[in-house]
Amino acid sequence: MTMGDKIKHFLQFSDLTADEHEWVFQRAAAIKKKFKQYEKYHPLADRTLAMIFEKASTRTRVSFEAGMYQLGGSVVNLTTGDSQLGRSEPIEDTARVISRMVDIVMIRTFGQDRIETFAEYSRVPVINGLTNEFHPCQILADIFTYIEHRGSIRGKVVAWVGDGNNMANTWLQAAELLGFVVHVSTPTGYEVDQAVAGLRSNASYKVFKDPMDACRGADLVTTDVWTSMGYEAENEKRMQAFADWCVDTEMMKVAKPDALFMHCLPAHRGEEVEAEVIDGPQSVVWDEAENRMHVQKALMEYLLLGKVS
């Protein structure tokens, strides 16, 4: 990226255009192929990624860290305990300092406002590794996984069963941008908020009271834990509210015969999904988990180098 270029961030799915997403998916496939063939590919040699974790993580940390090393770069890992972000220093100051020392930053935090503020004062690209409102890298991986298994997602139906959370918000953004439809079914009181997703219209999603109806004719059925990180105090209440929103074999039967099942993990078998579903033949959760690394590599390459041939 040359000086004077506008810095590109990936704070929510809608930060990239449909064409840019298409590019990232193509690059993810090419980069994954190199990885599978043990072909060395180091376009980010001498580049450093700073990872800032205010929320704990397994998959996000491993996928970004391994991915950056595989691209020839290096990684600095910061948690709230060993950085000033969790103490008295304003986010603006932390952003100004860290972005003078590294080439790209990934943040996993609570409110979207925190990452937006950091990006505003950063000299380098910032990637959202998860916030309360959005999880764009995960949906990037999910759609890439769908494309790998079934081809283009345009015109397809994705059933979202469960909490109207950061995953649901991001699916809605992706549907509007990439031309597919999301069937949303959540318990009363846990609906998605169209305003949070920032949608221009509600044409790309339909709401169903009954999760069975949401799954009917779906190309992809997907869910998440009932209690996301930061909402643990509501756990018992949620267990009761979500009892009928467990993705089971009956739901998969009313979806298309070749429908896929996805889950961003970690999963609780017997809660949001039956073991027979997540461990069954339609589940692609392990490909999906691995693909976090490949799409994030393609994303970092794009944010730092633009479109490489």
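Values reported hereafter were calculated over all heavy atoms of this structure, with side chains retained and with hydrogens, waters and symmetry mates removed. A quick note: this is a predicted structure, and the numbers were derived from the prediction, not measured.
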Backbone of G73 reached by a side-chain donor or acceptor of R47 within 3.5 Å: no

Qualifying residue for side-chain hydrogen bond (donor to acceptor under 3.5 Å, both in side chains) with Q12, from Q173, E133, H135: Q173

Presence of salt bridge, K36 and E290, under 4.0 angstrom: yes

Fellow cluster residues of F134, listed by chain then number, with links counted only when side-chain atoms sit under 4.5 Å apart: V196

Any residue meeting salt bridge (charged side-chain N to carboxylate O under 4.0 Å, His left out) with D15, in chain and number order, not counting sequence neighbours: none

Pairs meeting criterion salt bridge (Lys or Arg N to Asp or Glu O under 4.0 Å) with involvement of residues 264-278, two or more places apart: R269-D279

R150: which of D219, D287, D258 passes salt bridge (charged side-chain N to carboxylate O under 4.0 Å, His left out): D258

Pair E20-K8, salt bridge (Lys or Arg N to Asp or Glu O under 4.0 Å): steps then yes or no: CA-CA 11 Å; E20 287 175 312; K8 224 177 235 313; 2.9 Å; yes

Pairwise side-chain contact, V221 with L260, heavy-atom cut-off 4.5 Å (strictly under): no

Distance flag, aromatic centroids of H294 and F35, threshold under 6.0 Å: yes

K34: salt bridge (charged side-chain N to carboxylate O under 4.0 Å, His left out) partners, not counting sequence neighbours: E39

Worked verdict on Q112 versus E116 for side chain to side chain donor-acceptor pair (under 3.5 Å): CA-CA 6 Å; Q112 183 74 10; E116 300 275 356; 3.1 Å; yes

Trace of the side chain to side chain donor-acceptor pair (under 3.5 Å) decision for T186 with W245: CA-CA 7 Å; T186 68; W245 276 261; over 6 Å; no

Any residue meeting ring-ring contact (aromatic ring centres under 6.0 Å, His included) with Y190, in chain and number order, not counting sequence neighbours: F242

Sequence neighbours excluded, every pair satisfying side-chain hydrogen bond (donor to acceptor under 3.5 Å, both in side chains) that has a member inside residues 198-212: Q194-Y205

